[in-house]
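Below is one structure, written out as structure tokens; the observations come after it.
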Amino acid sequence: MKRILTGDRPTGYLHLGHYVGTLENRIKMQDEYEMFVLNADVQALTDNFDNPEKVRQNVINAAIGNLAVGVDPEKVTYFIQSMIPQIAELTVFFANLVTVARLERNPTVKSEIAEKGFDKTLPLGFFMYPVSQAADILIVKGEIVPVGEDQVPHVEQTREIARKFNSVYGEVFPEPEAVVGKIARLVGTDGNAKMSKSIGNTIYLRDDEETIKKQVMSMYTDPNRVHPTDPGNVEGNPVFIYHDAFNPNTDEVNDLKERYQKGTVGDVEVKEKLVQAINTFLEPIRERHRYYEEHAEEVYEMIEAGNKKALDVAKDTMNRVREAMKIDYPFGL
Ligand code: TRP
């Protein structure tokens with residue numbers, strides 16, 4: 001059975017972007033693969049080191065989000081990054097195999113640095129988080145990595161690190177492949193490529209019906225369409241991107257698109273149908289979310305079982321790494 005590793009950065013509640021980017025693939029793939037899902041608290045601390053309370057709370061929120069959408073702890077090993085110290089150890093060894101120049105070229109890191117306004121304040125830990133992410137993946141010898149589009153450069157960098165390690169020290173690691181969700185990058189409700197809590201352009205998996213209504217009714221549509229009788233554009237139109245992603249009634253979606261392009265449907269009708277679709281989709285998820293918020297012990301149980309399994313695998317990998325790197329000394333402590 002092929003091995004999967006993927007993960008979440010616990011900095012907020014999981015949202016619809018996470019769903020189409022990676023959660024949906026987790027649910028689909030959990031039966032056919034040996035799946036590990038990592039809760040990346042160490043990575044979250046790289047740009048939230050001064051806000052540990054936020055990371056701590058969102059570790060639980062991310063775990064609940066996974067359970068709520070149907071990631072099944074019977075099938076999936078769900079674990080916490082900081083509780084597997086072998087990941088930190090492997091990160092240090094991988095850091096030797098990556099140049100600063102290569103990290104500077106990573107497009108995702110580049111845009112995050114710009115966005116966060118890091119200049120002289122760029123933490124080394126944040127700069128090198130792709131190296132730590134390579135260790136996340138390779139500590140369990142992950143072969144497939146279901147992720148959103150923004151994460152593909154990190155998987156590419158992981159492949160390079162694996163290749164370099166194998167050529168210098170001998171064959172230990174697979175070269176993992178990224179698998180991107182059915183919608184590579186879900187835009188925010190305002191059409192912005194980046195979803196962000198501070199902009200308020202995000203729909204969370206736990207949002208209630210009223211919040212969904214408010215968010216959808218204020219969504220951006222075709223900016224050039226002034227009257228409902230103007231022919232409108234459905235390409236790149238956030239309302240239709242969301243319809244395609246969350247409305248399973250394709251006849252309804254096609255009819256709306258046709259009428260939108262002809263100028264025979266108003267934004268309100270298109271949005272009201274989207275409110276319906278998203279609420280139907282989220283109802284069971286929202287309910288399970290609430291259940292696990294009230295049953296923290298079940299969440300802890302999943303994590304404890306996962307940590308144990310991940311630790312065994314990680315120890316095994318590090319034994320192989322030490323052997324390959326000739327630091328498996330004949331003496332002990
Ligand atoms: N960087 C990912 C994100 O922001 C989270 C993550 C951490 C991850 N480690 C990973 C994803 C390993 C895939 C594989 O969503």
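Atom set for the values below is all heavy atoms of this structure, side chains included, hydrogens, waters and symmetry mates excluded. Whatever order the structure lists them in is the order used to number ligands and atoms, beginning at 1.
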- Closest candidate by heavy atom, reference atom 6 (C) of ligand 1, pool His154, Gln133, Glu112, His18: Gln133
Below 4.0 angstrom from a heavy atom of [X], which ligand 1 atoms are there? Numbered from 1 as shown, please.
X      : value
Val145 : 13 (C), 14 (C)
Ile137 : 12 (C), 14 (C)
Leu38  : 7 (C), 9 (N), 10 (C)
Ala40  : 7 (C)
Arg9   : 4 (O), 5 (C)
Leu5   : 12 (C), 14 (C)

- Determine the interplanar angle of the His154 and Tyr129 rings, folded into 0 to 90°, and report it as parallel if under 30°, tilted if 30 to 60°, perpendicular if over 60°. perpendicular
- Message: Would you call the rings of Tyr329 and Phe331 parallel, tilted or perpendicular, taking 30° and 60° as the class edges?
- Response: parallel
Can you tell me the protein heavy atom closest to [atom] and the distance?
atom                   : value
atom 2 (C) of ligand 1 : Gln151 OE1, 3.1 Å
atom 5 (C) of ligand 1 : Gly7 O, 3.6 Å
atom 7 (C) of ligand 1 : Gln43 NE2, 3.3 Å
atom 9 (N) of ligand 1 : Asp136 OD2, 2.8 Å

What are the two closest non-hydrogen atoms of [X] and [Y], and how far apart are they?
X      : Y      : answer
His243 : Val270 : NE2-O, 3.0 Å
Met195 : Val187 : CE-O, 3.4 Å
Arg3   : Glu34  : NE-OE1, 3.2 Å

- Item | Side-chain donor-acceptor pair present, Gln133, Gln157, cut-off under 3.5 Å | no
- Query: Checking Asp207 side chain against Ile203 main chain: does a donor-acceptor pair fall under 3.5 Å?
  - Reply: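 Checking the backbone N and O of Ile203 against the side chain of Asp207, no donor-acceptor pair under 3.5 Å is found.
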- Message: Could you check whether Arg225 pairs with Asp267 (Lys NZ or Arg NE/NH1/NH2 to Asp/Glu carboxylate O, under 4.0 Å)?
- Response: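 Yes.
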